[in-house]
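Submitted below is the structure of interest, expressed as structure tokens.
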Protein chains: 2
Amino acid sequence: MKPLSGRVTSLDVAALAGVSQSAVSRAFTEGSSISEAKRKAILDAALKLNYVPNSIASSLTTRRTNMVAVILGNLDNPFYVQVLKALITRLQARGVQILTFTVKNGSNSDDALMRVLRYQVDGIILTSAQLSTRMTGICHDRGIPIVLFNRYIPGSSASGVRCDNAAGGRLMAEALLGAGARSFALLKGDPNGTTSQDRQRGFTDCLLERGIPPADILELEGQSTYDGGHAATLRAFLDERHPIPDAIFGINDIMAMGAMDALRGEMGVKIPADLMVGGFDNIDEADRWPYRLTTVRQPVDEMTEEALNLLDLDNPGAAIQPGIDIKVPGRIVWRSTIPRPVDL
Amino acid sequence: MKPLSGRVTSLDVAALAGVSQSAVSRAFTEGSSISEAKRKAILDAALKLNYVPNSIASSLTTRRTNMVAVILGNLDNPFYVQVLKALITRLQARGVQILTFTVKNGSNSDDALMRVLRYQVDGIILTSAQLSTRMTGICHDRGIPIVLFNRYIPGSSASGVRCDNAAGGRLMAEALLGAGARSFALLKGDPNGTTSQDRQRGFTDCLLERGIPPADILELEGQSTYDGGHAATLRAFLDERHPIPDAIFGINDIMAMGAMDALRGEMGVKIPADLMVGGFDNIDEADRWPYRLTTVRQPVDEMTEEALNLLDLDNPGAAIQPGIDIKVPGRIVWRSTIPRPVDL
DNA sequence: GTGAAAGCGCTAACAG
DNA sequence: CTGTTAGCGCTTTCAC
């Protein structure tokens, strides 16, 4: 008997169990017709040989790899770590493997996609980067569903889930206005990201509608990072280049946290007494003692759930639906960086 | 001509370019002998057809998938996010795909490993969970290298890289002692993790050697999480069950941060005036204004580098070396939670 | 329910 | 340098 070394194939198992090779295949396939006795015998033999079915080989015929690619941008933002965690948990539970990829924020995803396409993934989840229409086309032709997470490509046929970012921006504007703020700073994120743009637009539009003059809305580039938010805040206010406004809105929590640390740590500003701060995402850190940040919560679980629904892994052949764009609402989580109006 | 739909194979490209199928294969293989002219023509045809080589199929013959499995535990600990990031960056640069897997901390990795083995990964990096000798054996037999990150399995033949955790624990003990602390609390992590045990041991041993009575070293279970550290601290000190010690050592930064927030936020303790705090890892957050945590730095880049060296992806066939255990030293990063002795 | 045989898309000798 | 020919390990008709 061949010892337990090198590759053990279904043929080896078949030999040991005294059955045909196809029987072995059947024994390892849910719901294929094989007698219980034979299956048992085969599984026994397999265990004895430490046999593990080769998914790569089976993918070749089934045309399914049971792998999904997750394209990530900024893992420095805990929000996306949270998204990754949620995705892993859900996919793993379904027995789906995850091919992880990172792409510089705002850059093109073509290279990454080309690479994952080689691996014949069953689906792609894009949480970052731009998506070219060429790639959309290629994926579509190959029947590979692609879901955009928290972004959309205007005019693209790709589906996606996102938080209603514009509405969320308005929510924050209302909250700040309601707390008495009349002058504002806005920490913007990745300029190419629709997420950042939408939040910003919702926020600004609402303010403008309520009669805030544009001059009282200062825009700062925070690059979607802690350090970016920190630095932008320092740059704008430390040397009194600008008067400190009543409120600052970080397009995401991590920038808002950077701003808070700059404000309190370097400038001795009291929050919310001297200035209010709003964030967006509701990452775990936002709830911690140093921050207790009032923010707009993104329902990560709901969003990842929807993303996987859109991927529709159970219906491989299914014609890819064109451009479904799911928007889930966010809501304000009141903590201590914005005084909460009593009437709420 | 078959339109750009469905699967395009090397055969289609061959037909369009008027060459043999193997020529197409060669055109896409680095350093195989093919005339530049022919290669160009083939690449052209491929582009026209949106052809993407099927890695799954090629893996079947080459016996290499160019995929590495990364088994993760606790993504709630930013340290492991940092590790993941470093791993992704390095592997991606080498054109290696990453199969991500999470496993509950401290639990057995057998299931996860069995699953990734099906995918014929070229290597496995384990940053969490236990490794059974059975799995070690199976991987060894199949010629799949497995590298343990920041853990080791006593008596196992698996290789690994880790920070010199025991020495790091001693370093922290010295630092605290040097700053005048004489009574201590120790926030322990995952009881099954050798990492936590080693740090704890180094710390305690050093204290004991210096004449600190065991009674003055209070052990707390922090579960390796922020919430765990926070809760354990509250539980121990809030109701005066124990007097507040001179210093508290969090086996990792995230627990230390939880403790700091509990101490200052809920108990009004001043750090370091009333109590000093030490951490371990040097995660990004430790450097932020609310914390400025003095901690033992783990050199993540160096460690991931070494881990990949051990994986030795370039030498597929190479007999797996038995149990190399690389220890890289950590060092104290002085910030403000422990007063720094002047003589340093 | 079960075995034989024909591929899945590619690489790797092997001749030329 | 190039085409031909066998497989890689598995799933899947197709008869029995």
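Predicted model, so just to flag it, every value in this text is computed and none were measured. Sequence lines set the chain letters: A, B, ... in the order given, protein chains first and strands last, and positions in each chain run from 1.
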Salt-bridge contact B:Arg7-B:Asp12 (side-chain N to carboxylate O under 4.0 Å) = no
Looking at B:Phe101, does the NZ or CZ of B:Arg115 lie under 6.0 angstrom from its six-membered ring centre and within 45 degrees of the ring axis?
-> no
Please report, rounded to the nearest Å, how far the C1' atom of D:dC10 is from the CZ atom of B:Arg118.
->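 Interatomic distance, CZ of B:Arg118 to C1' of D:dC10: 12 Å.
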How long is the gap from CZ on A:Arg39 to CZ on A:Arg26, to the nearest 0.5 Å?
->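 So the gap between those two atoms works out to 11.5 Å.
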Measure centre to centre between the rings of A:Phe28 and A:Tyr51, then say whether the value is under 6.0 Å.
-> yes
Output for pair (B:Tyr80 OH, B:Phe149 CZ), nearest 0.5 Å, gives 7.0 Å
Rounded off to whole Å, could you give me the CG-to-P distance for the A:Asn66 and D:dC10 pair?
->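 Result: 16 Å.
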Distance from B:Ser35 atom OG to B:Ile42 atom CD1, nearest 0.5 Å?
-> 8.0 Å
Under-4.0 Å salt bridge between A:Arg94 and A:Asp314 =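 Salt bridge between A:Arg94 and A:Asp314, a charged N being under 4.0 Å from a carboxylate O: yes.
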Given protein heavy atoms under 4.0 Å, the one-letter contact record of nucleotides 8-16 of chain C, with B base, S sugar-phosphate only and - none, is simply BBBBBB---
Which value, rounded to the nearest 0.5 Å, describes the distance between B:Ile144 atom CD1 and B:Asp122 atom CG?
->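 CG of B:Asp122 is found 8.0 Å from CD1 of B:Ile144.
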Checking all strands, does A:Ser33 fall into the base, sugar-phosphate, or nothing category for heavy-atom contacts under 4.0 angstrom?
->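 Here A:Ser33 touches the bases of the nucleic acid.
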Axis-to-axis angle between the two ends of the helix from C:dG1-D:dC16 to C:dG16-D:dC1 (five base pairs per end, rounded to 10 degrees) =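 Roughly 30° between the end axes, to the nearest 10°.
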Under 4.0 angstrom between B:Lys38 side-chain N/O and D:dT2 OP1 or OP2 | yes
